[in-house]
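Keep in mind the model is a prediction, meaning the values are calculated, not measured. Chain identifiers are assigned alphabetically (A, B, ...) following the order of the sequence lines, protein sequences preceding nucleic acid strands; residue numbering begins at 1 within each chain.
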2 protein chains.
Amino acid sequence: MKKASIKDIAKHLNVSVPTVSLVMNGRGDEKRISKETQERILKYAQEQNYKPNIFAKGLKKGRSEMLGVIIPNISDVFYARIVSRIEKDAAKHGYTVIFSSSQESGKKESELIRSMFDRQVEGLIIASSQKNADDILALKKINFPFVLVDRHYPDIETDYVIVDNIGGVKSAVNHLVKCGAQRIGFISLKPELDAIKNRFLGYQQGLEDNEMEYISEYVQELKSDTFEEEMSDALDCLLQKHTAVDAIIFSTHYLTTCGIRELRSRNLIIPNDIKIVSFDQFKAFDLLEPPITVVTQPVLDMGDRAVDILLEKLRLKDKVTRQEVLNTGFIVRKSCGEIK
Amino acid sequence: MKKASIKDIAKHLNVSVPTVSLVMNGRGDEKRISKETQERILKYAQEQNYKPNIFAKGLKKGRSEMLGVIIPNISDVFYARIVSRIEKDAAKHGYTVIFSSSQESGKKESELIRSMFDRQVEGLIIASSQKNADDILALKKINFPFVLVDRHYPDIETDYVIVDNIGGVKSAVNHLVKCGAQRIGFISLKPELDAIKNRFLGYQQGLEDNEMEYISEYVQELKSDTFEEEMSDALDCLLQKHTAVDAIIFSTHYLTTCGIRELRSRNLIIPNDIKIVSFDQFKAFDLLEPPITVVTQPVLDMGDRAVDILLEKLRLKDKVTRQEVLNTGFIVRKSCGEIK
DNA sequence: AACATTGGCTAAAACGATTTAGCACGATTT
DNA sequence: AAATCGTGCTAAATCGTTTTAGCCAATGTT
């Protein structure tokens, strides 16, 4: 567990430093180092538990064998699971991952990109705050390998892996209609992220497909940092006496939990008084009374695909961009009642 | 966003490389470089967005400014939150964090320790599988700076930050007794981890403090990879007709969720038929019917303290070991009924 | 006038690897 | 006998920094 340098090895075996280096890098045959010498070197290196100094190697080769991952927030399970998958996949290919959270701040994200760049990561995987088009453009300009996950910039052509938000919400609308919903509300966030915009589009298109009227009062958009205070008013709007909705789609898991708390405090019974669907999975949703019907996102696949694409980019060094839109899943539970 | 080396800067300003280096490291005054030269260098470096090459620096100084974090599983919220805090704290002090998950495997953990060591991290924070005493001893032997969090080796003197598991469970027992529980069961894991052993000890001591008899049939220990299948039998044991328990303490959040599923399927009403307390918080526990009373762990504090201790160790390079046992919290909800 | 001090820098070595170019020797070819 | 080739290695340069030792000119001291 202590440090033997290539010099120590060379000295001890009476060979030159380059000879050791070549053999250790499997270039012994190519450089016609005799089998015998090769074996001596390999054996002794093994004994000494020799590991090349990563800084020396990085300095010479300009390669770090590190990938950077930037996400909004590691304590959100959603991102934690993506990262866990990325780390596992990257390790399989000899890459170490360093990650950092941007806290949804464009400025922090920008700093992180630069800092990772300075640390010579070979590629980046970014779930962007979407407030940082400048850096994304800069990365693209210098042809630095990166892949966006979950969040992308629709106006910038990049590699990305995202989820079919439109389709996901449409499937929720369709299911609610089948269960007899007539007036479907939509509680979402201020449409700062493309993903959120698309969930709204999915809602609209879902209504259209089912020949239902779009009523703007049925849509409530809360701020992501104060939704807990705003939820009550939002529900008031949706539940006004004469035109009360009989179903609600929540566009994120935390809106769902927050909304359920509020509905409970109004003594509304799910699904009798109101049916609900959550876009985005949360672990205990099956434990609630009633269990909550959800649109699920293919979290692990996103991690896998992002790494695949990044590694391919690293290998081919091409300028082709690869885009993937993954399908959502749907788990029917009791929060929408029965299909009629 | 491109690369200017110290050489380029030196050449352009007609000064030597060391001069630039000294100024950039704030040692200009100490080395009596004229104010004027210092300003020229700083200004131009700024313009060129000069960042020292991290490999060259690391090579020369033998310092990486990286910390390694090894945890069982990043997709467990508990560890995700710890890591998020560690990352934030470390960044404040100029350290980058690299982390990896051991998947509770001693072998994987050992590989990770070695790989991080090879990557020249300056210190490690480890939530150990506790199957890897050898490496921990080896690290200790060479006086490598590391801190254990959440999981420690009671037989090895190291720095660590853990939670008062005994006290936490005792507070659960006390509360249940106050609510009128007479026969308290305990559902836990096979005692492979010290933390789990201590939760059991807390249960025993809690009973003792309340002058209740310890009945071994009231304790069920499940395997961590098959607890879902075993839960049903475990509950059967606790709920045998004549001697059925009237309260259960679950020793982890996932045992709690699993247990609740089973209790529901038996149509047992919480807290009327049975009272429950969960050791370890889970986000939706307040949303269940009834909301679940929990023993909370000071997750963020653990992250903070671990980084504090590690940085102090790095600074002082002493051999003193620091141990901290953090207190648990307790949130009373309705799953234990009312205090009588 | 000889010596010491200060100010303002720089030369050169070092960190540990990789890479390029090429040497020395014997064997083979012409 | 000279030229060529193959074998098995090594010397030296290089990557971008930091650090140690010390140079040279100007000024101050005795």
Side-chain angles (χ1 to χ4, degrees), chain A residues 2-42 44-45 48-66 94 117-122, chain B residues 1-42 44-45 48-66 94 96 117-122:
Chain A
K2 48 189 169 173
K3 307 271 155 170
S5 81
I6 199 168
K7 245 186 232 168
D8 304 332
I9 309 242
K11 195 174 294 171
H12 182 263
L13 296 176
N14 269 316
V15 294
S16 73
V17 167
T19 307
V20 178
S21 171
L22 291 168
V23 171
M24 293 309 291
N25 287 290
R27 299 178 57 200
D29 287 344
E30 170 196 340
K31 292 288 179 177
R32 300 172 322 220
I33 310 292
S34 69
K35 284 274 170 260
E36 188 215 341
T37 309
Q38 294 203 34
E39 269 165 32
R40 278 169 61 221
I41 292 176
L42 288 173
Y44 187 67
Q48 296 295 305
N49 189 27
Y50 166 73
K51 292 280 168 58
N53 178 302
I54 215 156
F55 292 119
K57 192 171 182 171
L59 177 58
K60 192 74 233 288
K61 309 241 286 188
R63 287 199 49 199
S64 62
E65 296 180 337
M66 292 206 264
F117 190 81
D118 292 340
R119 287 202 168 261
Q120 322 266 350
V121 296
E122 294 184 28
Chain B
M1 203 102 176
K2 47 189 168 171
K3 307 274 156 170
S5 82
I6 201 169
K7 246 186 230 166
D8 304 331
I9 309 242
K11 195 174 294 170
H12 182 263
L13 297 177
N14 269 315
V15 295
S16 73
V17 166
T19 307
V20 179
S21 171
L22 290 169
V23 171
M24 293 310 291
N25 287 291
R27 299 180 57 200
D29 288 343
E30 169 196 341
K31 291 288 179 178
R32 299 174 319 219
I33 309 293
S34 68
K35 286 274 169 256
E36 189 214 341
T37 309
Q38 294 204 34
E39 270 164 33
R40 279 168 61 222
I41 292 176
L42 288 173
Y44 187 68
Q48 296 295 304
N49 187 27
Y50 167 72
K51 291 282 167 58
N53 178 301
I54 214 156
F55 292 118
K57 193 172 182 171
L59 177 57
K60 191 71 233 281
K61 310 240 289 186
R63 288 199 47 200
S64 62
E65 295 179 337
M66 292 206 265
T96 299
F117 190 81
D118 292 340
R119 289 204 167 259
Q120 322 265 349
V121 296
E122 295 183 26

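Scanning all heavy atoms of the two residues, the minimum distance from A:S64 to B:R119 falls at O-NH1, 3.7 Å. Of all heavy-atom pairs spanning A:Y44 and A:I9, the tightest one is CD2-CG2, 3.8 Å. Taking both residues in full, the closest heavy atoms of A:R63 and B:F55 are given as O-CZ, 4.2 Å, listed atom of the first, atom of the second, then distance. The minimum heavy-atom distance between A:S21 and A:N25, with the atom names listed, is O-ND2, 2.8 Å.
Rounded to an integer number of Å, the gap from A:N53 CG to C:dG16 C1' is 6 Å. The distance from atom CZ of B:F55 to atom P of C:dT18 is 13 Å, rounded to the nearest whole Å.
In this structure, B:K57 does not reach the C:dC15 phosphate: none of its side-chain N or O atoms is under 4.0 Å from OP1 or OP2.
Contacts of B:S21 with the nucleic acid, taken as non-hydrogen atoms under 4.0 Å apart, include base atoms. Contact annotation for B:R27: backbone-only contact, meaning every heavy-atom pair under 4.0 Å involves sugar-phosphate atoms and none involves a base.
On the nucleic acid side, DNA chain D contacts chain A at distances under 4.0 Å to non-hydrogen atoms, with the end points of that region at D:dT7 to D:dG16.
Look at D:dC24: its Watson-Crick or wobble partner, with both distances under 3.5 angstrom, is C:dG7.
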Exercise. May I have the step-by-step check of side chain to side chain contact (heavy atoms under 4.5 Å, CB included) for B:N53 and A:Q120, ending in yes or no?
Key: CA-CA 8 Å; B:N53 178 301; A:Q120 322 266 350; 3.4 Å; yes
Quiz item: Stepwise, does the side chain to side chain contact (heavy atoms under 4.5 Å, CB included) test hold for B:Q48 with B:D8?
Solution: CA-CA 10 Å; B:Q48 296 295 304; B:D8 304 331; over 6 Å; no
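Within the 4.5 Å cutoff, the side chain of B:M24 has heavy atoms near those of the B:L42 side chain. Taking 4.5 Å as the limit, some side-chain heavy atom of A:T37 sits within range of a side-chain heavy atom of A:V15.
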Can you tabulate the close N/O pairs, meaning under 3.5 Å, that link protein atoms to atoms of nucleotides 5-12 of chain C?
unit_1, atom_1, unit_2, atom_2, d
C:dG7, N7, B:R32, NH2, 3.4
C:dG8, N7, B:R32, NH2, 3.1
C:dC9, OP1, B:T37, OG1, 3.3
C:dC9, OP2, B:S34, N, 2.9
C:dC9, OP2, B:S34, OG, 2.6
C:dC9, OP2, B:T37, OG1, 3.0
C:dT10, OP1, B:S16, N, 3.4
C:dT10, OP2, B:S16, N, 2.8
C:dT10, OP2, B:S16, OG, 2.8
C:dT10, OP2, B:T19, OG1, 2.5

